[in-house]
2 protein chains.
Amino acid sequence: MIMILIIIISCMPETSSDHNTEHLVAARLSSHGLRYTAARRLVVGCLAASPGPLSAADLCSTVAEVVPLSSLYRTLGVLESAGVLAREHGNNGIARYELAEWLTGHHHHLVCTNCGEVQDVVIDAETEMKVGSLIDHIGDAGGYVVRGHRIDIEGRCSTCAKG
Amino acid sequence: MIMILIIIISCMPETSSDHNTEHLVAARLSSHGLRYTAARRLVVGCLAASPGPLSAADLCSTVAEVVPLSSLYRTLGVLESAGVLAREHGNNGIARYELAEWLTGHHHHLVCTNCGEVQDVVIDAETEMKVGSLIDHIGDAGGYVVRGHRIDIEGRCSTCAKG
DNA sequence: TTCCTTGCAAACGATTTGCATTGGA
DNA sequence: TCCAATGCAAATCGTTTGCAAGGAA
């Protein structure tokens, strides 16, 4: 089992920033009195390597051999409440998880209305600032104390647009 | 039972535009070979009168005496697939329904991160155009054929901000 | 008569949880 | 040793569906 784990981990793409992510997550968990176990590393690694948020089922297809479904959910729950992960719900009601923005940076989502794929997009700083300040004004006008925003851009991904 | 229905309907706020909505919905359903029954009128009426999307449970608390839960879900399903309603999922995974944008106009949502309330907001046309064109560019750059967008403004509603 | 609609109860599926066990610091 | 983490099975809960009865055109 440990060997399987090692194989899976060693097969995962790894960038230099991943090392930093690992370190930050470890520190965060430790400061919450939580351990950074193999299963948790595996989940964080998968999410760090993914171009967009993943559902429990998505993750399960990668980690099922080492992490049973119920443990996967528990892992996701722990990581979410520690602020390491963010959860969101697509239009089908299924939860998807991604690394929290303090780890990945602020970004938005391209959502394919055909195949359901979700892809991260980063907006250039200037545009983000423009959009952000417009949005903050709108929130204020509605009597809200604005804390943030989510933008989902809906359309057809390059694959589905061809069909 | 019919009397209860009449009482509930007659208690609902009704604006001049609601009459138009009724008419448009009736036409849409009819063109799909569907009937605009009392239960469906009731649901459409509730949603038209609401300042934001409602969950099945929200609706149920209003209509439970006349529409059992399973029928409510069926009603919502039929109205959605006829394009009368749009479904969305809050961060808790529970489905919320609202009238489709061709009935209400394009709008966005203020989401209270504390109490979960969702409120519609309309952005003035000029701002919407600016934001919209920025968003379309971003989608294009990501290889998407952009069809629309959703903006959720997150913060604390005026009630929760006081606490 | 035909077909849409309804209601009840049962089924589903994603997610959560109780409990006993394992394992790391 | 102590407490967090795990695995299994069972429970939850929002939502869907099969089937038989009701109702409008």
Side-chain angles (χ1 to χ4, degrees), chain A residues 1-2 4-5 8 25-44 53-61 63-82 84-97 116 118, chain B residues 1-2 4-5 8 25-44 53-61 63-82 84-97 116 118:
Chain A
M1 177 192 133
I2 291 178
I4 296 174
L5 221 176
I8 293 178
V25 172
R28 179 105 180 192
L29 288 180
S30 149
S31 78
H32 283 245
L34 299 167
R35 296 177 195 149
Y36 196 19
T37 62
R40 292 174 189 175
R41 278 173 208 276
L42 191 49
V43 167
V44 168
L54 299 176
S55 67
D58 293 335
L59 286 162
C60 200
S61 69
V63 306
E65 288 165 85
V66 253
V67 185
L69 194 53
S70 73
S71 295
L72 175 56
Y73 275 111
R74 242 193 285 246
T75 296
L76 292 169
V78 167
L79 292 176
E80 189 199 354
S81 59
V84 173
L85 301 188
R87 174 167 52 173
E88 54 139 47
H89 286 267
N91 266 344
N92 49 24
I94 293 175
R96 284 203 259 282
Y97 299 84
V118 182
Chain B
M1 176 191 133
I2 290 178
I4 296 174
L5 220 176
I8 293 180
V25 172
R28 178 106 181 191
L29 289 179
S30 148
S31 80
H32 282 244
L34 300 167
R35 296 176 196 150
Y36 196 19
T37 63
R40 292 173 189 173
R41 277 172 209 277
L42 192 48
V43 167
V44 168
L54 299 175
S55 67
D58 294 334
L59 286 162
C60 200
S61 69
V63 306
E65 289 166 83
V66 252
V67 185
L69 193 52
S70 72
S71 294
L72 175 57
Y73 275 110
R74 241 192 288 245
T75 297
L76 292 169
V78 167
L79 292 175
E80 191 201 352
S81 57
V84 173
L85 302 186
R87 173 167 52 173
E88 54 139 47
H89 286 266
N91 266 346
N92 50 23
I94 292 175
R96 289 202 193 70
Y97 299 82
V118 182

Expressed as a whole number of angstroms, how long is the span from [X]:[atom1] to [N]:[atom2]?
{"X": "B:L79", "N": "C:dT5", "atom1": "CG", "atom2": "C1'", "answer": "12 Å"}
{"X": "A:D58", "N": "C:dT15", "atom1": "CG", "atom2": "C1'", "answer": "15 Å"}
{"X": "A:I94", "N": "C:dT16", "atom1": "CD1", "atom2": "P", "answer": "13 Å"}
{"X": "B:R87", "N": "D:dT16", "atom1": "CZ", "atom2": "C1'", "answer": "11 Å"}
{"X": "A:N91", "N": "D:dT15", "atom1": "CG", "atom2": "P", "answer": "13 Å"}
{"X": "B:H89", "N": "C:dG13", "atom1": "NE2", "atom2": "C1'", "answer": "13 Å"}
{"X": "B:N92", "N": "C:dT15", "atom1": "CG", "atom2": "P", "answer": "12 Å"}
{"X": "B:L69", "N": "D:dT15", "atom1": "CG", "atom2": "C1'", "answer": "8 Å"}

**OP:** Mind checking the CZ-CD spacing from B:R87 to B:E80? Nearest 0.5 Å is all I need.
**Re:**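 Spacing of CZ (B:R87) from CD (B:E80) equals 4.5 Å.
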Subject >> Inter-residue atom distance B:R40.CZ - B:L85.CG, 0.5 Å rounding >> reply: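 It comes to 11.0 Å.
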Mind checking what makes side chain to side chain contact (heavy atoms under 4.5 Å, CB included) contact with [X], not counting sequence neighbours?
{"X": "B:S81", "answer": "none"}
{"X": "A:V67", "answer": "A:A39, A:L42, A:V63, A:S71, A:L72"}
{"X": "B:R74", "answer": "none"}

Check every strand shown and say whether [X] touches a base, only sugar-phosphate, or nothing at a heavy-atom separation below 4.0 Å.
{"X": "A:G93", "value": "nothing"}
{"X": "B:A57", "value": "nothing"}
{"X": "A:S71", "value": "base"}

**OP:** Check whether any side-chain N or O of B:T37 sits under 4.0 Å from OP1 or OP2 of C:dT6, and answer yes or no.
**Re:**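 Answer yes for this pair, as a side-chain N or O of B:T37 is under 4.0 Å from OP1 or OP2.
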Subject >> Footprint string (nucleotides 19-25 of chain D, 5' to 3'): B base within contact, S backbone only, - free, heavy atoms under 4.0 Å >> reply: B---BB-
Original post:
Using the C1' atoms of the five pairs at each end, what is the angle between the end axes of the helix from C:dT1-D:dA25 to C:dA25-D:dT1, to 10°?
Top reply: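 Computed from the C1' atoms at both ends, the axes differ by 30°.
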Original post:
Quick one: side-chain hydrogen bond (donor to acceptor under 3.5 Å, both in side chains) partners of A:T37, sequence neighbours excluded?
Top reply: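 A:T37: no side-chain hydrogen bond (donor to acceptor under 3.5 Å, both in side chains) contacts found.
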Subject >> Those residues that, when tested against B:Y36, pass side-chain hydrogen bond (donor to acceptor under 3.5 Å, both in side chains) (two or more places apart) >> reply: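 Only B:E22 meet the side-chain hydrogen bond (donor to acceptor under 3.5 Å, both in side chains) criterion with B:Y36.
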**OP:** Could you please name the option among D:dA5, C:dT6, C:dG7 that lies closest to any side-chain atom of B:A39?
**Re:**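 Selected nucleotide (nearest to the side chain): C:dT6.
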**OP:** Please determine, for the side chain of A:Y73, which listed nucleotide (D:dT6, C:dT16, C:dG7) has the closest atom?
**Re:**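 Of the options given, the side chain of A:Y73 lies nearest C:dT16.
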Subject >> Non-neighbouring partners of A:R35 that pass salt bridge (Lys or Arg N to Asp or Glu O under 4.0 Å), sequence neighbours left out >> reply: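 A:R35: no salt bridge (Lys or Arg N to Asp or Glu O under 4.0 Å) contacts found.
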Subject >> Toward the 5' end of DNA chain D, by each residue's nearest nucleotide, A:L34 or B:Y97 >> reply: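 That would be A:L34.
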Sequence neighbours left out, cut at 3.5 Å: what donor-acceptor pairs do the side chains of residues 54-61 of chain B make with other protein atoms?
unit_1: B:S55; atom_1: OG; unit_2: B:A57; atom_2: N; d: 3.4
unit_1: B:S55; atom_1: OG; unit_2: B:D58; atom_2: N; d: 3.0
unit_1: B:S55; atom_1: OG; unit_2: B:D58; atom_2: OD1; d: 3.4
unit_1: B:S55; atom_1: OG; unit_2: B:D58; atom_2: OD2; d: 3.0
unit_1: B:D58; atom_1: OD2; unit_2: B:S55; atom_2: N; d: 2.9
unit_1: B:S61; atom_1: OG; unit_2: B:D58; atom_2: O; d: 2.6

**OP:** Mark yes or no for whether B:H89, through its side chain, and A:H89, through its backbone, hold a donor-acceptor pair below 3.5 Å.
**Re:**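 Not at all, since once roles are kept as given, no pair shorter than 3.5 Å links the two residues.
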